[in-house]
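Before any comments, here is the structure.
Counting starts at 1 for both ligands and their atoms, in listed order.
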Amino acid sequence: MRLCTPHVRVRRIWTVELRPQEGGTVLVCPQCRPGPLPLTAGSARSAVLAHLAQHARRDVLPPHLRICQCRERGCRWHPRHRGCAGAVLLVLMRAHGGRLWRLADACAACAAATAQAAVVPDALLPSAAQPSTAPRPPRRRAGSRRPGTDKHVRVKEMLTYLAAALPRFSSPTARLLALQCALRADGRGRVGLPDGFLRGIRLASHAAPWHELEHAAWLRCTGRQHGSLHAQILDAAILHQAPGRQERARAAHWALHPTPLAAPHGAPPSIQLAALALAVHTRNTEASTDLDDLTRLTATAPSSLEDLLDQLVRARTLSAWRHDNETGKICWQLPPAHG
Ligand SMILES: [Zn+2]
Ligand SMILES: [Zn+2]
Ligand SMILES: [Zn+2]
């Protein structure tokens with residue numbers, strides 16, 4: 001059954017194709033003229049996302065009018081499931097071995113059922129805006145800071161974004177490093193991490209996560225200078241973040257010890273990332289979120305996530321956790337001392 005609505009339907013779905021050709025891969029967008037756009041330095045994935053995000057920013061629709069575009073097309077992008085459910089999210093999908101990329105509004109159930117799909121936080125879109133004459137969605141006033149919550153929000157948005165922007169096989173260490181770089185970068189995507197800081201986060205002698213991010217064309221190491229390791233972020237979407245650098249740096253600092261849910265000192269990166277994913281969803285001593293949210297942010301399968309949660313209980317970072325089968329939510333409690 002199709003409901004009639006008095007509103008003009010806005011097609012909240014955008015696609016681009018990556019076409020290899022002589023002289024390098026080009027990005028072909030049916031909505032943009034003229035012709036193919038050359039891919040500049042950086043990962044194809046982030047260039048694609050930055051381009052599709054421009055379209056999403058232009059075709060704004062109030063949240064209550066956004067519908068699952070997947071269902072509108074007969075749910076052909078994923079195997080059968082129980083039906084549409086949950087919030088309408090902006091979802092990046094990869095198809096045809098990475099040749100075709102699609103950004104669309106889809107419900108949480110369809111997003112979770114679609115292979116090679118990642119949720120892009122809405123909040124990142126207005127902040128990633130380039131100067132443009134297109135109407136923008138309303139945004140929080142620059143000065144209206146809610147103390148204590150902004151760092152949660154900022155880290156959550158960035159983790160969610162990185163879950164979409166980094167390759168799926170990226171290690172937890174590379175994800176944590178990318179988060180620090182993204183939040184600490186200047187307006188041109190340049191970041192310098194002092195040796196002392198890298199020692200503190202136990203990355204001083206590890207080249208592997210840097211290589212991982214370089215291999216993903218997400219950043220390029222530009223050398224060592226004045227006791228710091230410098231890098232250039234190549235991900236176009238990172239370059240236009242709205243919050244000031246200080247605010248982002250505060251969020252980056254909190255992400256290292258996300259109280260009240262910090263992983264024990266020296267815990268493996270997978271545990272640290274899991275603790276951080278819980279911390280951004282924790283407001284009180286008892287908290288919960290969808291299982292899908294956590295598996296996406298930690299880039300793990302549900303069974304591995306359960307193991308990580310058990311380890312956090314053994315380390316007394318959590319006092320308990322459970323999976324609510326009815327709602328599909330993971331609920332957890334902090335030890336009383338944290339209250
Ligand atoms: Zn376009
Ligand atoms: Zn669907
Ligand atoms: Zn749906």
Short check: any N/O/S atom of C84 below 2.8 Å from the Zn ion (ligand 3)?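 Checking the Zn ion (ligand 3) against C84, an N, O or S atom does fall under 2.8 Å.
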I'd like to know if the Zn ion (ligand 3) has an N/O/S atom from C110 within less than 2.8 Å of it, counting both backbone and side-chain atoms. yes
Is any side-chain heavy atom of P258 closer than 4.5 Å to one of L261? no
Would you say that P172 contacts Q272 through its side chain, given a criterion of any heavy-atom pair below 4.5 Å between the two side chains? no
Can you see whether W14 has R58 sitting over its ring - NZ or CZ less than 6.0 Å from the centre and within 45° of the normal? no
Any salt bridge linking D150 with R154? Criterion: basic side-chain nitrogen under 4.0 Å from a carboxylate oxygen. no
Short N-O contact, E247 and R250, less than 4.0 angstrom: no
Is there an N/O/S atom in C107 at a distance below 2.8 Å from the Zn ion (ligand 2)?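 Short answer: no, not a single N, O or S atom is under the cut-off.
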So does H81 have any N/O/S atom less than 2.8 Å away from the Zn ion (ligand 2)? no
Work out the angle at the Zn ion (ligand 1) between SG of C32 and NE2 of H51, rounded to 10°. 110°
